[in-house]
Amino acid sequence: MGKEEVLKQIAEKILGSRRTVVFVGAGLSTESGIPDFRSPGGIWTRFDPEEFTYQNFLASERAREKYWQLGREIYALIKSALPNAAHLAIAEMEKMGLLDCLITQNIDGLHFKAGNSPERVIEIHGTVMYVLCLTCAKRYERDEIEARLAAGEKVPRCNDCGGLLKPATVAFGQPMPERETAEAFRRAAAAELFICIGSSLVVHPAAQLPVVAKDNGAFLAIINRDATTCDAIADIVYRGLAGPTMEKIMEHVREMRS
Ligand code: APR
């Protein structure tokens with residue numbers, strides 16, 4: 001089957017499915033100028049993930065300083081990033097009533113800039129948009145902490161209790177957000193159509209979601225530039241860039257629907 005035929009098949013599945021779950025990774029945002037993690041030039045090809053674990057963050061002031069330095073670099077990219085065609089396509093799916101939910105491993109908030117509603121989005125690895133105190137759970141807007149860092153603070157602490165502040169993202173070794181994780185697995189198990197876009201599917205437990213969907217009878221489509229760990233169990237594997245691919249799929253969806 002030609003590449004265009006495959007895109008038409010995905011569009012037909014989206015139109016025919018009563019419960020479509022889209023599951024995305026950092027590959028969705030590279031066309032918005034935000035590097036992913038494991039492609040050439042990705043974050044973990046430039047920094048050692050071992051230095052950015054939750055345990056290291058808790059254990060050493062130096063590790064916290066490095067964590068915030070990297071965090072500021074990534075946040076500057078995210079702040080100026082715009083949603084790309086792939087984000088806009090997923091927002092259009094919601095507007096057309098064709099999206100049960102979006103489970104994102106991304107922490108950049110671009111889905112909301114694209115128009116997805118918060119109640120339809122599960123941020124399973126958290127978000128850079130706010131900061132939490134690890135002791136009293138007080139919540140700060142990210143820009144407030146960024147201003148303190150720009151003014152010279154290296155390792156911000158909580159104004160109320162003096163506890164350590166950390167962006168509301170999930171670091172390696174940090175517990176996953178319980179409610180979001182449980183909800184993501186519940187929705188994956190109930191999905192009729194499960195579409196993975198822009199993830200290498202190597203980080204667990206998130207990478208288990210397509211397997212759970214498939215095990216429970218979902219049609220599994222994977223759209224990715226490179227091979228993923230779930231290609232062998234997928235019903236459709238489409239090798240391509242997220243933006244142009246999702247744009248073409250939504251063109252077919254609009255044509256078939258009218
Ligand atoms: N279009 C399609 N696929 C792309 C594009 C693109 N424009 N750019 C990159 N990709 C693909 C790459 O081929 C790769 O397989 O996206 C995937 C990105 O994989 P990773 O960098 O491993 O990112 P991700 O799967 O989201 O990582 C999961 O790892 O470090 C943790 O918490 C972090 O959420 C992240 C998790």
Side-chain angles (χ1 to χ4, degrees), residues 3 6-7 10 22-57 67 70-71 73-75 77-78 81-90 102-111 114 121-129 166-177 180-181 184 188 194-211 221-232 234 236-250:
K3 290 198 103 173
V6 173
L7 296 184
I10 296 174
V22 176
F23 175 56
V24 302
L28 201 86
S29 297
T30 54
E31 291 164 66
S32 295
I34 301 170
D36 66 14
F37 294 93
R38 296 169 182 86
S39 296
I43 302 279
W44 300 137
T45 67
R46 294 167 44 218
F47 296 93
D48 175 3
E50 277 310 305
E51 292 186 30
F52 295 90
T53 62
Y54 190 53
Q55 287 67 21
N56 269 349
F57 185 89
Y67 189 97
L70 175 56
E73 185 184 317
I74 294 173
Y75 185 66
L77 285 176
I78 287 174
L82 294 174
N84 64 60
H87 296 103
L88 296 171
I90 301 167
L102 166 62
I103 303 169
T104 184
Q105 298 175 88
N106 298 340
I107 56 175
D108 57 35
L110 283 177
H111 305 296
V121 181
I122 301 174
E123 293 180 299
I124 197 167
H125 288 161
T127 176
V128 297
M129 293 308 170
K166 180 183 169 299
T169 54
V170 181
F172 286 119
Q174 187 169 2
M176 294 281 284
E180 287 80 358
T181 305
F194 195 87
I195 307 175
C196 298
I197 313 171
S199 179
S200 59
L201 300 175
V202 299
V203 173
H204 288 269
Q208 199 59 24
L209 287 163
V211 179
I222 295 178
I223 297 167
N224 206 55
R225 190 193 60 211
D226 303 312
T228 81
T229 61
C230 289
D231 288 356
I236 286 185
V237 175
Y238 186 87
R239 281 276 166 279
L241 294 182
T245 302
M246 288 307 290
E247 209 161 33
K248 284 198 201 97
I249 289 173
M250 292 313 289

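Indexing begins at 1, ligand by ligand and atom by atom, following the structure's order.
- The distance criterion of under 3.5 Å between nitrogen or oxygen atoms is not met by A227 with respect to ligand 1.
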Given the rule in the side-chain hydrogen bond (donor to acceptor under 3.5 Å, both in side chains) test, do R225 and T30 qualify, once you have shown the distances and angles that lead to the verdict?
-> CA-CA 11 Å; R225 190 193 60 211; T30 54; 5.3 Å; no

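- Set against the non-hydrogen atoms of G240, the atoms of ligand 1 under 4.0 Å away are 1 (N), 2 (C).
- Checked by distance only, ligand 1 and G25 stay at 3.5 Å or farther apart across all their nitrogen or oxygen atoms.
- A donor-acceptor pair under 3.5 Å is absent between the side-chain atoms of N224 and the main chain of I197, judged by distance alone.
- By the criterion of a heavy-atom distance under 4.0 Å, the side chain of V203, and not its backbone, is placed next to ligand 1.
- Under 4.0 Å from ligand 1, the heavy atoms of H125 that appear belong solely to its side chain.
- A donor-acceptor pair under 3.5 Å links the side-chain atoms of S32 to the main chain of L82, judged by distance alone.
- If you number the atoms of ligand 1 from 1 as listed, the ones under 4.0 Å from a heavy atom of L241 come out as 1 (N), 2 (C), 6 (C), 7 (N).
- H125 NE2 to F172 CZ: the interatomic distance, rounded to the nearest 0.5 Å, is 8.0 Å.
- Annotation: V170 places no N or O atom under 3.5 Å from an N or O atom of ligand 1; distance criterion only.
- Geometrically, ligand 1 and D226 share a nitrogen or oxygen pair separated by less than 3.5 Å.
- With hydrogens and angles ignored, the 3.5 Å screen pairs a side-chain donor or acceptor of R239 with a backbone N or O of D226.
- For the pair I90 and V24, the minimum side-chain heavy-atom distance is below 4.5 Å.
- Inclusion of T30 in the set of residues having an N or O under 3.5 Å from an N or O of ligand 1 is warranted.
- Contact check for T228 versus S199: no side-chain heavy atoms found under the 4.5 Å cut-off.
- Interface of W44 with ligand 1, defined as ligand atoms under 4.0 Å from a residue heavy atom, comprises 30 (O).
- Residue contact annotation: S39 has a non-hydrogen atom under 4.0 Å from ligand 1.
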